[in-house]
Amino acid sequence: MPLCLSVRMSDIFNERFGKLMKIAIDGPAGAGKSTISKGAAKRLGFVYIDTGAMYRAIGLAAVRRGIDTADAEGVKSILDDVDVAIRHNENGQLIFLNGEDVSTDIRLPEISVAASNVAVIPEVRLKLVELQRKLAADTDVIMDGRDIGTYVLPDAELKIYLTASVEERANRRCRELKEKGVETDFDAVKADIEYRDKNDSGREFAPLKPADDSVYMDNTDMTLEESIDKVCELAQSRRVGNKV
Ligand code: CDP
Ligand code: CDP
């Protein structure tokens, strides 16, 4: 049976199994996490939560206030005044910073490094993890990030570590930026990705790494459709309790 057409699969799953399902997708920048998660969530009828957007919102808040995002004390000093909220509409997730829709502003290339810098700070992570767990509490969810399977949702029924070669990830990000009309330089995009790979994997608190019980999925040579199919197949097999 084609798993992921127009049927709301979560309704069928819940009717048969009566239990909510959590899917955690972690991996480095440009691996395809957001696009694949969004596509799979749509097919499965799950809610998609992009946790990177939350770190980007705090990075943006710091940059707007002229705070050096590598200065942990400076970033911590604004945390109590920073409210991050998520809403969903027909196009997916919107992110609000103190009530303002910043869904577009957080995608500026300079906010990537700011997000990665503030993400090293445990106080930032704890604030956002609380929000992430609340959002996942009472719904079928696909959540993507860096520490979802290892820290945020350790009991997720399906954990995927999604990756691709650094060249392919930089190519993808360049294509994406070009489509948005943003001037790109391959070497600069690749350097940004490498900086974040190192920063995200090397931090002490909740670093990027595959969860022990995750499925390792390298999609360097896979199309988007193939990747979404794979995630949906894995979701189905985990839901019925089969070994993958
Ligand atoms: O989309 P892209 O892979 O470029 O990045 P993102 O998912 O929007 O995340 C931006 C930054 O937030 C990452 O480089 C990480 O430093 C941080 N992040 C994190 O530390 N933990 C998460 N669960 C999600 C993002
Ligand atoms: O969220 P993450 O940073 O891991 O990656 P993304 O923003 O979902 O994907 C980066 C770009 O790669 C997007 O423009 C995707 O459409 C594209 N992509 C692709 O061309 N082929 C894939 N197999 C996966 C992603």
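Numbering of ligands and ligand atoms starts at 1, following listing order.
Between Thr51 and ligand 1, at least one N/O pair is under 3.5 Å apart. For a threshold of 3.5 Å applied to N or O pairs, the pair formed by Arg196 and ligand 1 contains at least one separation below that value.
Between Arg172 and Glu168 there is a salt bridge, with a side-chain nitrogen of the basic residue lying less than 4.0 Å from a carboxylate oxygen of the acidic one.
Here the heavy atom of the protein found nearest to atom 10 (C) of ligand 2 is Glu176 OE1, 3.6 Å. For atom 17 (C) of ligand 1, the closest non-hydrogen atom on the protein side is Ala119 CB, 3.8 Å. Of all protein heavy atoms, the one closest to atom 5 (O) of ligand 2 is Gly32 N, 3.0 Å. At the top of the distance list for atom 11 (C) of ligand 1, counting protein heavy atoms only, stands Ala115 CB, 3.7 Å. The nearest protein atom to atom 1 (O) of ligand 2, hydrogens excluded, is given as Ser34 OG, 2.5 Å; this is a heavy-atom distance. Closest to atom 9 (O) of ligand 1 among all protein heavy atoms lies Gly52 CA, 3.5 Å. What sits closest to atom 18 (N) of ligand 2 on the protein, heavy atoms only, is Arg172 CD, 3.7 Å. Arg146 NH1, 3.2 Å is the protein heavy atom nearest to atom 7 (O) of ligand 1. The nearest heavy-atom contact from the protein to atom 20 (O) of ligand 1 is Arg125 NH1, 2.8 Å. Scanning the protein for heavy atoms near atom 12 (O) of ligand 1, the closest one is Tyr55 CB, 3.5 Å. Looking at atom 15 (C) of ligand 2, its nearest protein heavy atom turns out to be Thr35 OG1, 3.4 Å.
Within the 4.0 Å heavy-atom shell around ligand 2 one finds Pro28. For Gly30, the closest heavy-atom approach to ligand 1 falls below 4.0 Å.
Here is the list of ligand 2 atoms found below 4.0 Å of a heavy atom in Asn219: 23 (N), 24 (C). The distance from ligand 2 to the heavy atoms of Met222 drops below 4.0 Å at these ligand atoms: 23 (N). Residue Asp200 approaches ligand 1 through these ligand atoms, each under 4.0 Å from one of its heavy atoms: 13 (C), 14 (O), 15 (C), 16 (O).
For Met21 against Asp140, the heavy-atom pair with the smallest separation is N-OD1, 2.7 Å.
With a 4.0 Å heavy-atom cut-off, ligand 1 is reached by the side chain of Arg203 but not by its N, CA, C or O. Only the side chain of Arg175 comes within 4.0 Å of ligand 2, judged by heavy-atom distances.
Comparing Met54, Arg56, Arg173, Arg107 against atom 8 (O) of ligand 1, the shortest heavy-atom distance belongs to Arg56.
Residues satisfying the side-chain hydrogen bond (donor to acceptor under 3.5 Å, both in side chains) criterion with Thr184, sequence neighbours excluded, are absent altogether.
In this structure, the side chains of Leu128 and Tyr55 come closer than 4.5 Å at one or more pairs of heavy atoms. Contact annotation: the side chain of Pro28 never approaches that of Ile193 to less than 4.5 Å [non-hydrogen atoms, C-beta and beyond].
From Asp144, atom CG reaches atom OH of Tyr48 across 3.5 Å, with rounding to the nearest 0.5 Å.
Ring geometry, Tyr151 versus Phe205: the interplanar angle exceeds 60°, so the pair is classed perpendicular (tilted spans 30 to 60°).
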